[in-house]
Amino acid sequence: MKFLVVSFDGLRPDLVSASLTPNICRLQSLGITLSRHRTVYPSETRVAFPSLVTGTTSSGHGMVGNKFVDRSVVPNRYIDTADAVLLDRLNRESNGNLMTAPTLGELLAGSSKTMAVLATNTPGTTRLFHHKAEDFGHVRFSGHFREACTPTAVLAELEAGLGALPPAPEKGEPDTSGQVWITSAFLDYVWPKLKPDVTILSYGEPDTTSHFHGTASAVTRSITEFCDAQFGRVLDWWEAEGRDAGVQIVILSDHGHVTAHTRVSVTYELRSAGYSPGAAPESGVDVVVVPGQVGALYLADRSQANLARLVETLMNRPWCGPIFTAPKNSVEGLAPGSFASTLVFADHHRAPDVYFSFKTDDSIDAFGMRGGTFYDNDRVPGLGVHGGLHPKELAAVGLMAGSAFRGRGLISEVPSGICDIAPTILHLLGLPVPAPMTGRVLREALSEAGPATPELRIECETLQTGLNAYRQELHRVRVDGTTYIDGATVASTSSTHRKEFEAAE
Ligand SMILES: [Zn+2]
């Protein structure tokens with residue numbers, strides 16, 4: 001049995017349709033759709049894909065954000081995990097502990113099995129799918145970035161056959177050339193020559209296009225259709241040959257998108273409140289504001305009093321959503337009114353002192369898609385973002401097909417998540433699921449029958465906390481001891497808040 005995991009970065013499940021993604025729909029009719037599939041918090045690419053390959057949340061794997069502050073060195077340094085060369089250096093400096101949980105690639109190698117990666121994401125994301133591929137002679141190819149590719153000799157062979165790696169498209173331009181290159185690399189070389197036990201084929205779209213053109217704009221729809229057509233080439237191969245060769249297909253996305261509607265500047269607002277914020281650790285900066293849709297704040301003075309003051313400052317802002325700090329108890333964080341970061345499995349020694357999300361709502365965007373949010377970036381309103389806890393940011397595509405899975409158009413309504421994929425693959429390969437994996441084997445999706453298949457217990461829970469007028473609510477669901485996040489909200493701000501905010505703008 002072999003596995004092909006195909007990912008569409010940032011694809012919202014509600015964009016999957018017979019007109020836009022006919023090939024995904026074709027596979028749906030042959031397999032089982034995980035209709036309540038979702039990602040982890042923060043709902044960012046370089047948190048979610050490490051969760052895919054480690055089967056655990058950021059509390060386990062330590063990739064706490066697309067960008068984070070490394071406090072293990074003096075002076076502290078700012079890390080952008082899009083940089084594949086930097087990731088390699090960090091991994092070597094930490095004796096192989098860039099990720100603090102074993103990855104699928106390493107585990108497979110330990111059982112003399114192989115994993116291949118083909119991706120058009122950033123160089124850093126590409127590396128994170130299998131950051132130790134070099135150690136085992138496994139292949140990891142980017143559709144654009146040479147620095148993320150290994151081994152060099154195989155890349156040369158591939159380029160001789162397929163043409164040179166196409167250059168990355170200009171910022172904001174949809175990526176078509178890379179999708180064609182990695183698809184051909186799989187069909188023409190990686191499968192026929194290497195037959196890896198597990199292959200990850202990761203299309204970096206429609207994420208980038210959604211960020212620059214909106215959740216369901218014409219250009220986002222067009223690149224989604226394009227990626228689906230590339231997957232269609234793979235599906236043709238699967239139906240002709242791959243299925244009979246025992247290949248199981250898993251389709252997924254790493255998060256959804258919501259629409260950014262109201263811009264704020266966290267740095268400006270913290271400065272107004274008397275802080276000296278900065279984008280990176282340096283002298284004179286008392287709080288590092290990591291840019292992005294998940295608010296991540298690192299304090300120079302980490303005292304309880306300073307933490308409480310910072311969190312209260314955020315809570316008084318109308319754009320502020322759910323807030324998490326290190327746990328005081330099982331529900332509350334150290335800062336009064338905040339939730340414990342353990343509730344969203346985001347507690348790790350690399351985690352910021354404060355994680356917050358921007359306030360979201362269920363507004364409908366210009367393209368008819370639900371989900372809106374405040375945001376802090378330099379782009380115009382109306383474009384796609386993710387990172388927080390709106391259900392449309394968390395919702396992800398999940399679909400499995402092949403002899404190992406129940407199928408023929410079945411729809412599972414049992415909650416599932418990105419951490420469940422690796423344990424399910426290991427289980428089906430007959431390999432042990434190691435303790436650091438907190439995801440579960442998706443038994444309800446497996447064709448293997450028998451008395452061992454237990455009745456699944458599904459329990460929902462709502463947790464609440466807050467301070468003064470600020471109230472926040474977290475929704476979670478538990479399936480057989482595995483907990484998933486359904487979303488989080490804050491109570492609507494008072495009209496006084498709203499007026500103050502408008503005046504400040
Ligand atoms: Zn992504």
Side-chain angles (χ1 to χ4, degrees), residues 7-22 24-25 35-45 47-48 66 120-122 125 169 171-176 179 202-229 231 251-264 292-294 319 321 357-399 418 486-489:
S7 170
F8 297 83
D9 201 310
L11 179 59
R12 279 175 61 140
D14 51 7
L15 277 178
V16 171
S17 69
S19 56
L20 205 58
T21 58
I24 293 178
C25 290
S35 68
R36 292 180 67 190
H37 196 63
R38 80 286 307 277
T39 192
V40 289
Y41 177 78
S43 51
E44 290 191 323
T45 305
V47 181
N66 277 352
T120 54
N121 310 79
T122 62
T125 304
K171 201 174 176 185
E173 284 298 307
D175 180 8
T176 52
Q179 321 307 346
S202 173
Y203 298 115
E205 296 278 19
D207 182 73
T208 311
T209 302
S210 177
H211 281 304
F212 283 90
H213 299 271
T215 54
S217 65
V219 59
T220 305
R221 285 177 180 275
S222 161
I223 193 65
T224 304
E225 212 172 347
F226 188 90
C227 290
D228 178 78
F231 170 62
I251 304 271
L252 55 86
S253 63
D254 54 335
H255 51 76
H257 269 248
V258 291
T259 293
H261 58 51
T262 309
R263 187 174 167 184
V264 298
Q293 192 60 20
V294 58
W319 42 262
S357 295
F358 289 90
K359 192 178 178 191
T360 59
D361 53 61
D362 280 336
S363 56
I364 307 291
D365 70 16
F367 315 106
M369 307 295 281
R370 184 175 298 278
T373 185
F374 287 85
Y375 72 104
D376 182 3
N377 66 43
D378 57 7
R379 292 177 205 146
V380 295
L383 305 179
V385 291
H386 57 90
L389 286 161
H390 189 281
K392 294 291 186 188
E393 290 172 276
L394 295 171
V397 174
L399 160 62
I418 196 163
D486 272 340
T489 52

Within the 4.5 Å heavy-atom criterion, are [X] and [Y] side-chain neighbours or not?
X: Arg263; Y: Asp378; value: yes
X: Val397; Y: Leu252; value: no
X: Thr208; Y: Asp175; value: no
X: Cys25; Y: Val16; value: yes
X: Phe358; Y: Trp319; value: yes
X: Lys359; Y: Thr373; value: no

Distance from [X] atom [atom1] to [Y] atom [atom2], nearest 0.5 Å?
X: Glu393; Y: Arg12; atom1: CD; atom2: CZ; answer: 9.5 Å
X: Ile223; Y: Glu173; atom1: CD1; atom2: CD; answer: 10.0 Å
X: Asp254; Y: Thr45; atom1: CG; atom2: OG1; answer: 4.5 Å

I'd like to check the side chain to side chain donor-acceptor pair (under 3.5 Å) partners of Asp362; sequence neighbours left out, ordered by chain and number.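 Listed in chain order: His390.
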Taking only residues two or more places apart in sequence or in another chain, which ones pass ring-ring contact (aromatic ring centres under 6.0 Å, His included) with Phe8?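 Here the qualifying residues are Tyr203.
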Apply ring-ring contact (aromatic ring centres under 6.0 Å, His included) to His261 and list each qualifying residue two or more places apart in sequence or on a separate chain.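 His261: ring-ring contact (aromatic ring centres under 6.0 Å, His included) contacts with Phe374.
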Using ring centroids (six-membered ring only for Trp), state whether His255 and His257 fall under 6.0 Å.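 Yes, the ring centres sit under 6.0 Å apart.
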